[in-house]
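Just below is one structure, and these are the notes that go with it.
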Amino acid sequence: MTETAKQEVKQKKDGKKVILVAEDDIYYANIYKVKLTKEGFDVVIAANGDWAIKLARQKKPDLVLLDLIMPVKDGFEFLKEIKKDPILAKTKIVVLSNLGQEEDIKKAREYGIDGYFIKTNVSIQELVSKIKMFVN
Amino acid sequence: MNLRSVIIFMQVKMLKKKESPFKNHYKFPIPRPKPVQAIIKLRLAQYILVSLSLLFGYLYLQANSVWSGNLETHTLLELTASILSFFVGSFSLIKFYTRQNNKYLYIGLGFLYAALINFYHTYITYSVSTVNITSIFFEENFSQHASGFILSIFAVASIVSWFYEKKFKPVTKREAFTVCIILIFSSVFFILAIPVKTINILTSFLFLAAFLGYLYKRLWHFKYFEHWFILSLLVGFVVQIMYLSTDNTLGAMFMGAHVLKVVVYTFSLIGLLISMNIAFKEVETAKETMEAIVQSIGNPVFITDASEKITLMNSQAEQFSEISFKDAKERPYFEIFRFSFENNLKKTYPPFVKRAIEKERVEETEHHTVLFAPSGEIKAVAATAAPIFDKMKNIIGCIVVMKDMSKQRELEKIKDNFLSVAAHQLRTPLGAIRWNLEMMLTDEHGALPAPAKKIVSELHEITIRFINIVNDLLNVSRIDQLKVFDQPAVTDVVLVLDECIAELKADMARKQVSLLVDAKKEEIPKILIDKTRLKEIINNLLSNAVKYNKRGGTVTARVFIHNKHFHFEVSDTGIGIPKEAQEKIFEKFFRAVNAAQIITDGSGLGLFVVKSYVEGWGGTVSFKSLEGKGSKFVVKLPLKVKKHDLGNNLLTALNKN
């Protein structure tokens, strides 16, 4: 068994839910990491879309927190890739972006997401409780 | 891509001024009229010349009685005169029919009546000659002189009518016709009852009067018919003098008079023919002038007939559509100009030209309309279709003026881009600040001492306000750019209200503002409305009610149905709106002085957004307020919310302001 596979098994045994955070801004990434770890989640950060896809394939997260504006590949491209993959297509994805334009929301919804939040318009507490809801 | 680079990019774009090339200037020769003075001099000269030649002719004939005619010549001349006067009369009546000028009615009827008399006289003369009375003198028949008399009467009638119309009111066709009938019948009496010589004297005076009258009118300065008619009157006058000066019906003078009678009719005929020719030419020139005008318009323009087929296109339109007028002629416009929606290329474009024709009003294309060119290029365009009416107010076609909107669209897209980038750039740090502060406020990340916690709490409030201002700004610019798409869904209004209340709980607690809610869930049906916008409106009104409230005050929220309308009322016991501020309270960025003193950082956009949305849905928002006591805002919405294209509704709402 490979190391990663052992790790995965361990995590599953731990019962910790895995949340993949696709976010390039270090401040937000840090907040997610700190807050969500405290809440008992296993948090994995990907700083660009490409890494996000790789990590998604690897970790098969219970929830993905997706930012739309990211280098290399953006959130929309991530959605496209993930939805193409039969295994990952069912992954729960919540978009967390500061883009609030109608077209962006429409576009994201077309791929099939489970939630869309504008970061500035939601408090961290509310977000955490929504995340908990999604994961369960 | 950061904000700074976008701003620089935009500034550079606006600085780059592109010259619009003046291509395809249509040059056509502008017909220049001869200087008027020359014409006047020329015509005066003609009058003088004719007068002199008549004078000399008269004197010559007076002196030389050598030449004498016979009945055959007489008959021939009379026949010629009859035919000529008949034609003059007919043409004049045709002119009356087309120009509606009463003058031509009088003259036309006069000449026709004269023609009648002339034909009769021809017949008399002919029958006399065939019966072979070789007598040199024959009984003067009234018909000899009646035609001149009639002509002079009607000529004078036309002058009198002109004077009357100048001084008093216009004469209708019916009135003019009545006068003619009266003249026709009363003249019979004159002709039969009055001796010949008297008729001649009368006629000569009448001709003179008419001659002077037409000279006075001064239309001969530039009108052809009037000029030649004056010559006719002049000659006619001389004819009467000639009749008066001899009794020898077959003498030179008499014959001369007959010849001149023909000249009278000829001059009038010439005048009419020239005038009619010019009228035809004018029509042609008018058509050419119109085409030249259309050609020289800088925008693509095309004209259709009443059945939407293209009848004219300028070169700009040819370039824009990439189809030449030759190929486009007589084809329905939508085959040549394929309009479409920018964001939905497959959707059929509404027939705005047909609508313009049927509704008899100007129709415009929608925003973000494009044209499909044969090359595959998609061109941003805006078009206005206006129906064309003729004199009888019938629709004879439609003129469509287009505008290449590519620059505007480009600018809009840059602004759009800027908007996205701005939103993102402004919000990114704000969001991070907010969450970090919120994390500090819980004790999970290390408890803060109370004073520090208070400061952090205030930082949090400030941040929230900052976020709200940014949101407001973005909302308003989106409205301005018609980017607000309505997504109506079956919404439980009371639920939305509860959500808003929940979000304001902290603020209310801090100000110790109590809330009364009167909303019976069972009584209020769910309505089809955009939930986000509705929440925005309710939130705006409620947060205002809390923000500007007194410490320990109350906020009352009522939701009810009345008169097929949905009512939402928010009352507060706050600072109220001063009278001077009341009419401006819904304006963009407006803040009342007393509000600005209490809350320094309000954006002044909240109520503008509320009004825009509510009116876009076909509703109304109103308020009652007393400074120092409180305010009550009322939103009324029809249960069936209007047309869900919030963008267009907002545009009309914005334009009304």
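Just so it is clear: chains get the letters A, B, ... in the order the sequence lines come, proteins before strands, and each one is counted from 1. No experiment lies behind these values; they were computed from the predicted model shown.
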Open item on the list: Using only atom types and a distance under 3.5 Å, with no angle test, would you say the side chain of B:Glu438 pairs donor to acceptor with the backbone of A:Ser123?
Closed with: no
TODO: Count the heavy atoms of every other residue, nucleotide or ligand shown that sit under 6.0 Å from NZ of B:Lys526, and state whether that count exceeds 12.
DONE: no
- [ ] Would you name the heavy atoms of A:Gln125 and B:Thr442 that are closest together and state the gap between them?
- [x] NE2-CG2, 3.2 Å
- [ ] Would you check if A:Glu39 and B:Glu444 make a side-chain contact, meaning some heavy-atom pair closer than 4.5 Å?
- [x] yes
- [ ] Verify the neighbour count for atom NZ of B:Lys531: are there more than 12 heavy atoms of other residues, nucleotides or ligands below 6.0 Å?
- [x] no
Open item on the list: If I take atom CG from residue A:Asn30 and atom CG from residue B:Asn436, how far apart are they, to the nearest 0.5 angstrom?
Closed with: 7.5 Å
Task: Side chain / backbone / both / neither for A:Asn121 at chain B, heavy atoms under 4.5 Å - done: both
TODO: Measure distances from A:Lys38 to the heavy atoms of chain B and classify the residue's part below 4.5 Å as side chain, backbone, both or neither.
DONE: side chain
Task: Main-chain N/O of B:Pro429 paired to A:Tyr27 side chain as donor or acceptor, under 3.5 Å - done: no
- [ ] Could you look at B:Leu430 and say if it's the side chain, the backbone, both or neither that has a heavy atom under 4.5 Å from chain A?
- [x] both
Task: Contact summary for A:Ile31 and B:Trp435, nearest pair of heavy atoms - done: CD1-CB, 3.6 Å
- [ ] Please round to the nearest 0.5 Å and tell me the distance separating atom CD1 of A:Ile105 and atom OG1 of B:Thr532.
- [x] 7.5 Å
Open item on the list: For A:Leu127, which atoms come within 4.5 Å of any heavy atom of chain B: side chain, backbone, both, or neither?
Closed with: side chain
Open item on the list: Closer than 3.5 angstrom, by distance alone: can the side chain of B:Arg427 be matched with the main-chain N or O of A:Thr120 as a donor-acceptor pair?
Closed with: no
- [ ] Evaluate the side-chain proximity of B:His445 to A:Lys35: yes if any heavy-atom separation is below 4.5 Å, no if none is.
- [x] yes
